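When a ligand or atom number is given, it counts from 1 through the structure's own listing order. It should be emphasised that the depicted structure is a prediction, and the values quoted were computed from it without experimental measurement.
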Amino acid sequence: MPPEELPEEGLVVVSACLAGLATTHDGKAKPHPKVLELLRQGRAVLVCPEQLGGLPTPRAEAEIEPGGSGAEVLSGEARVLDSQGNEVTAQYLRGAREALRAARLSGAGAAILKARSPSCGSGLIYDGEFTGTLVEGEGVTAALLLKEGLQIMSEEDLK
Ligand code: SF4
């Protein structure tokens with residue numbers, strides 16, 4: 001994805017891990033200075049789709065199965081599986097719907113979502129083999145927010 005300008009005003013949905021909360025699958029935070037700035041300005045709407053979908057923290061890492069991306073998960077053509085082989089598609093879909101609800105309730109028109117996550121990734125995600133290989137595509141939440149007309153960027157897209 002090309003570098004994007006951060007909207008100059010209005011609320012922005014942000015991945016909670018980018019805002020400093022320890023929400024990642026291994027219980028870590030991934031704070032980003034520009035997201036923290038938005039938070040301090042009162043413009044950040046924090047969501048962690050995997051937690052909103054009912055998954056615990058820490059949790060097993062998960063990937064969208066090979067050949068699929070967020071769009072295919074939304075259309076029922078791909079599943080999300082964790083590294084133990086458990087299907088977590090329903091939790092990912094629920095989390096995506098809740099993130100969309102947060103966007104709608106707040107009126108946010110843009111989202112800054114953590115790169116490469118099976119929920120939040122935009123442009124590139126892991127290929128479903130748990131080997132660290134990237135493929136083109138969106139995570140489940142990013143795909144839903146994109147489909148619903150939000151401007152999506154990752155922390156790496158920010159200028
Ligand atoms: Fe961060 Fe999104 Fe993963 Fe939650 S689901 S830890 S917000 S990347």
Would a distance-only check, ignoring hydrogens and angles, find a side-chain to backbone donor-acceptor pair under 3.5 Å from S69 to G137? no

What part of E50, side chain, backbone, both or neither, has a heavy atom within less than 4.0 angstrom of ligand 1? both

Which atoms of ligand 1 sit under 4.0 Å from any heavy atom of C48? 4 (Fe), 5 (S), 6 (S), 7 (S)

Pair R101 + E98, salt bridge at N-O below 4.0 Å: yes

Under 4.0 Å to a heavy atom of T24 - the qualifying atoms of ligand 1, by number: 6 (S)

Closest to atom 1 (Fe) of ligand 1 among protein heavy atoms sits C17 SG, 2.3 Å

Are K30 and E155 close enough, and set up right, to give a salt bridge (Lys or Arg N to Asp or Glu O under 4.0 Å), and what steps lead you there? CA-CA 10 Å; K30 304 280 181 179; E155 75 282 15; over 6 Å; no

With rounding to the nearest 0.5 Å, note down the distance linking CG in L81 to OG1 in T89. 6.5 Å

Against heavy atoms of P49, which atoms of ligand 1 measure under 4.0 Å? 2 (Fe), 5 (S), 7 (S)

Which ligand 1 atoms are under 4.0 Å away from a heavy-atom of A16? 7 (S)

Verify whether one side chain among S154 and E156 offers a donor that lies under 3.5 Å from an acceptor in the other. no

Ligand 1 atoms nearer than 4.0 angstrom to some heavy atom of V47 are 7 (S)

Residue C120 vicinity, atoms of ligand 1 by number, heavy atom under 4.0 Å: 2 (Fe), 5 (S), 7 (S), 8 (S)

Proximal ligand 1 atoms for K114, defined as those under 4.0 Å from one of its heavy atoms: 8 (S)

Are there more than 12 heavy atoms of other residues, nucleotides or ligands under 6.0 Å from atom CD of Q41? yes

To the nearest 0.5 Å, what is the distance between CD on E72 and CD on E65? 10.0 Å

If the cut-off is 4.0 Å to any non-hydrogen atom of R59, which atoms of ligand 1 fall inside it? 6 (S)

